[in-house]
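Structure first, then comments.
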Amino acid sequence: MTEVKPARVRFAPSPTGRFHIGSARTALYDFLLARQSGGQFILRIEDTDRNRFDPQAEKEYYEALRWLGLKWDEGPDIGGPYSPYRQSERTEIYRKLTEELIAGGHAYYCFCTPERLTQVRQLQQKRKEPTRYDGLCRRLSPEEARDRALGGESYVIRFKTPQEGQTTAVDLLRGPITVDNQTIDDYILVKSSGMPVYHLAAMADDHMMKITHVLRGSEWLPTFPLHVLIYEAFGWQQPIWIHLSVLLNPSGKGKLSKRSAVDPKSGAKAVFVNDLRKMGYLPQAVINWITLMGWSYDDHSEFFPMGDLIEKFSIEKLSPSPAAVNFSKLDHFNGLYIRSLSTDELAEQLLPFFTAAEIDADLTEIKVLVPLIQERIRTLDEAVNMAGFFFQADVHPEPSELIGKKMSAQDSACAAEKAHEVIQTLSESEFEQLEHALRDLADELEIKAGQLFGILRVAVTGQKVSPPLIESMVIVGKKTVLARIARAAEILNTLE
RNA sequence: GCCCCCAUCGUCUAGAGGCCUAGGACGCGGCCCUCUCAAGGCCGAAACCGGGGUUCGAACCCCCGUGGGGGCACCA
C-alpha cells in the first residue's frame with residue numbers, strides 16, 4: 001500500500017444479540033483498513049433501542065473482538081478524543097442537531113399515533129401503493145407544531161425529504177445509485193422517547209467522529225439515499241461509503257441464519273464467533289476464512305496470516321455480490337493454521353480442551369503427544385477424542401474391532417498374546433525398537449504387519465483410528481501397553 | 001405489491017475487450033506414499049444464466065428478460 005491517508009473507521013454494533021460472523025467480517029475489514037493506513041479503528045456501541053437492549057451483548061462483542069485480535073483504538077471502555085462512544089450517552093448531541101435540522105426546515109414534528117400510522121400503511125398495502133408516511137404533519141405550520149410539542153403532546157421528529165428531484169448516492173463498490181426522492185419516506189429521526197434512531201445517530205456520530213470510510217452491510221442500501229440527504233441537510237462532507245455483501249446460508253438460499261451449522265453435541269452455532277472458539281477453531285483461521293468471503297487478493301493466494309492481510313488488504317477488491325458461507329473451508333483453514341503452530345503453541349491451545357473434557361493433562365504431557373496429532377486434527381477439540389487414551393487409566397475397545405483384518409478371533413488372540421511376550425522381553429531402553437520386533441513377529445505369524453498393528457492399535461488405544469501406533473505405545477509406556485494387550489487377549493478369547 | 005442490489009465450476013473466487021482450449025481454493029473422484037487416520041504429492045470431473053446489441057473481436061461494455069438476494073418499524 002502506498003501513500004494511503006490514515007483512515008478512521010468504526011465498527012458500530014448494536015448490543016441486541018450475539019456477535020455474528022457477518023459482523024465479524026465487517027469489523028475485520030474496518031480493522032485492516034485502519035491498520036494498513038495508519039489510522040484508527042473505533043468501536044462504537046449503538047444502543048439507542050432500549051427495548052432490545054441486551055446487557056450481555058456488549059461483553060460478548062468485547063470478548064470476541066479481542067479473541068480475534070481486533071484491537072480497537074477508541075471505544076466505550078477505553079475512551080478517546082470523541083467520547084463518549086456509547087450512543088445512549090450522546091443524546092445531548094443528537095438533541096442539538098435535531099433542533100438545527102428543524103430550524104433549517106429539514107425536519108418536522110409529527111404527532112401521528114402509531115395506530116394511525118398502521119392504518120395508513122394497511123390502506124396503502126390494500127391499494128398496492130408503496131407504504132410510506134402520508135405527510136399529514138408535514139403540512140403543519142412550524143409555529144403550531146412547536147406549540148403543540150411544548151404543550152406536552154407526544155411527538156416524533158421526521159426528516160423532511162424533498163418531494164421532487166433525485167438523489168444520487170455513491171457506493172465505492174457499486175458506483176452511483178440514483179433514486180427519485182418521491183420514493184424516500186419521511187423517516188422518523190427521533191422517537192417519542194427522545195431517543196434518535198439509527199438514521200440520525202449513526203450519521204451524526206460518523207461525522208462528529210471524523211469517520212472517513214463507512215463499511216456496513218448491504219441491508220443499508222435501501223436507506224442509503226436518505227443518509228446522503230441527511231448529510232446534505234447538515235452540509236457535511238460525506239465519507240466513502242462501502243456496502244458489504246450479505247452472507248448467505250451454505251445452501252446459498254437466504255441470509256445466513258442462526259440455525260446454520262449447529263453442532264449437535266454442544267448446541268454451538270458456527271455463525272457466532274464465541275461459539276467458533278468453543279468448537280476448537282483458531283482465531284487466525286476464522287480471520288482468514290471470513291476475509292475471503294467477499295475479498296480476494298489474486299488468482300492463487302489464500303493463506304493470509306494477519307500481518308499479510310494488513311499489508312495486502314484493499315477495499316477496491318471487495319466484492320459486491322452475496323457470498324454463501326462454506327464451513328468445510330473453515331475446517332481446511334483451521335487445519336492449515338494448526339499445522340503452522342509450534343509444538344508449544346499448539347499444546348497451549350489444546351490444554352483448555354482437555355480440561356473442559358475433564359481429562360487431567362498438563363502442558364508437558366500434551367507437548368509430548370502434539371507431534372503425533374498435529375497433522376491429524378482439524379479442530380482443537382478433536383484432539384480430545386484422538387488422544388484421550390493417553391490419559392485414561394483404561395481403554396474400552398469394542399470387542400469386534402479387536403479382531404484383525406481377515407483373521408479369526410482366535411488367531412487375533414494368539415497374535416496379541418505373542419505380541420505381549422515380545423514386548424515383555426524388551427527393556428525400557430529397547431522399547432523404541434518396538435517396530436522391528438513387531439514386524440518380525442508378524443512375519444513369524446505369517447500375517448501382514450498391518451493386521452498385527454490393527455489388533456494392537458485397538459487394544460492399546462481403544463480406537464480403530466489413532467495416532468501412529470509405535471510412537472503412541474512408546475508414550476503410553478511399556479507397563480500400560482502390556483496391560484492393555486493382555487486385556488485385549490482376554491476379550492478375544494471370550495469371542496468365538 | 002413497491003424500492004434497491006447482485007449474477008463465472010456445487011461453494012468462495014481470478015478475470016477490469018484480444019493474454020481464456022476461463023486460472024486458484026474448498027469439497028468430490030482416482031493414483032502414489034503408508035501400521036489406521038491424517039498430512040503430503042500427482043491426476044481428474046466441474047462454470048462464463050438467456051436473448052439482443054456495440055466491436056474486427058465480449059466472461060468482460062449497453063439494453064431487455066430470467067434468476068437470486070436485501071429492504072419497506074417510534075430495530076439497527
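A note on names: the letters A, B, ... follow the listed sequences, proteins ahead of strands, and every chain is numbered from 1.
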Please state the [atom1] separation for the pair [N] and [M] - nearest whole angstrom.
{"N": "B/G15", "M": "B/A7", "atom1": "P", "answer": "13 Å"}
{"N": "B/C19", "M": "B/C60", "atom1": "P", "answer": "13 Å"}
{"N": "B/U11", "M": "B/C31", "atom1": "P", "answer": "28 Å"}
{"N": "B/G10", "M": "B/A47", "atom1": "C1'", "answer": "10 Å"}
{"N": "B/U21", "M": "B/C2", "atom1": "C1'", "answer": "47 Å"}
{"N": "B/A22", "M": "B/G50", "atom1": "P", "answer": "16 Å"}
{"N": "B/A45", "M": "B/C26", "atom1": "C1'", "answer": "15 Å"}
{"N": "B/G69", "M": "B/C63", "atom1": "P", "answer": "24 Å"}

Hey, is [X] close enough to [Y] for a salt bridge, meaning N to O under 4.0 Å?
{"X": "A/K317", "Y": "A/D298", "value": "no"}
{"X": "A/R376", "Y": "A/E382", "value": "no"}
{"X": "A/E153", "Y": "A/R148", "value": "yes"}
{"X": "A/R18", "Y": "A/D54", "value": "no"}
{"X": "A/R10", "Y": "A/D30", "value": "no"}
{"X": "A/E92", "Y": "A/R90", "value": "no"}

With a 3.5 angstrom cut-off on both distances, give the Watson-Crick or G-U wobble partner of [N], or none if there isn't one.
{"N": "B/C42", "value": "B/G30"}
{"N": "B/A22", "value": "none"}
{"N": "B/U54", "value": "none"}
{"N": "B/C35", "value": "none"}
{"N": "B/G67", "value": "B/C6"}
{"N": "B/C60", "value": "none"}

**Q.** RNA chain B: 5'-proximal contact among A/R132 and A/S301 (nearest heavy atom)
**A.** A/S301
Q. Taking the nucleotide of RNA chain B with the closest heavy atom to each, which residue, A/K464 or A/S245, is nearer the 5' end?
A.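 Per heavy-atom nearest nucleotide, the more 5' residue is A/S245.
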Just call it for [X]: base, sugar-phosphate, or nothing, with non-hydrogen atoms closer than 4.0 Å on any strand.
{"X": "A/T48", "result": "sugar-phosphate"}
{"X": "A/S466", "result": "base"}
{"X": "A/K405", "result": "nothing"}
{"X": "A/P467", "result": "base"}
{"X": "A/G294", "result": "sugar-phosphate"}
{"X": "A/L469", "result": "base"}
{"X": "A/E382", "result": "nothing"}
{"X": "A/W295", "result": "nothing"}
{"X": "A/P322", "result": "sugar-phosphate"}
{"X": "A/E46", "result": "sugar-phosphate"}
{"X": "A/A449", "result": "nothing"}
{"X": "A/K255", "result": "sugar-phosphate"}
{"X": "A/G254", "result": "sugar-phosphate"}
{"X": "A/R378", "result": "sugar-phosphate"}

Q: Go through the structure and list residues passing side-chain hydrogen bond (donor to acceptor under 3.5 Å, both in side chains) with A/Q238, not counting sequence neighbours.
A: A/W241
**Q.** Derivation of the salt bridge (charged side-chain N to carboxylate O under 4.0 Å, His left out) call for A/D186 and A/K160
**A.** CA-CA 6 Å; A/D186 278 3; A/K160 202 170 192 172; over 6 Å; no
**Q.** Members of residues 149-177 of chain A that approach RNA chain B, where some heavy atom sits under 4.0 Å away
**A.** A/V156, A/R174, A/I177
Q | Contact boundaries on RNA chain B for chain A, cut-off under 4.0 Å to non-hydrogen atoms | A | B/G1 to B/A76
Q. On the ring face of A/F431, is A/K478 found with NZ or CZ under 6.0 Å from the centre and within 45° of the axis?
A.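 Not satisfied by the 6.0 Å and 45° rule.
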Q: Taking the six-membered ring of A/Y109 (Phe, Tyr or Trp), confirm whether the NZ or CZ of A/R158 is under 6.0 Å from its centre and within 45° of its axis.
A: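 Not satisfied by the 6.0 Å and 45° rule.
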Q.
I'd like to know if the side chain of A/W289 reaches the main chain of A/N326, judged simply by a donor and an acceptor atom lying under 3.5 Å from each other, with no hydrogens or angles considered.
A. yes
Q) Are any non-hydrogen side-chain atoms of A/K253 and A/N249 less than 4.5 angstrom apart? A)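 Contact flag for A/K253/A/N249 side chains = no.
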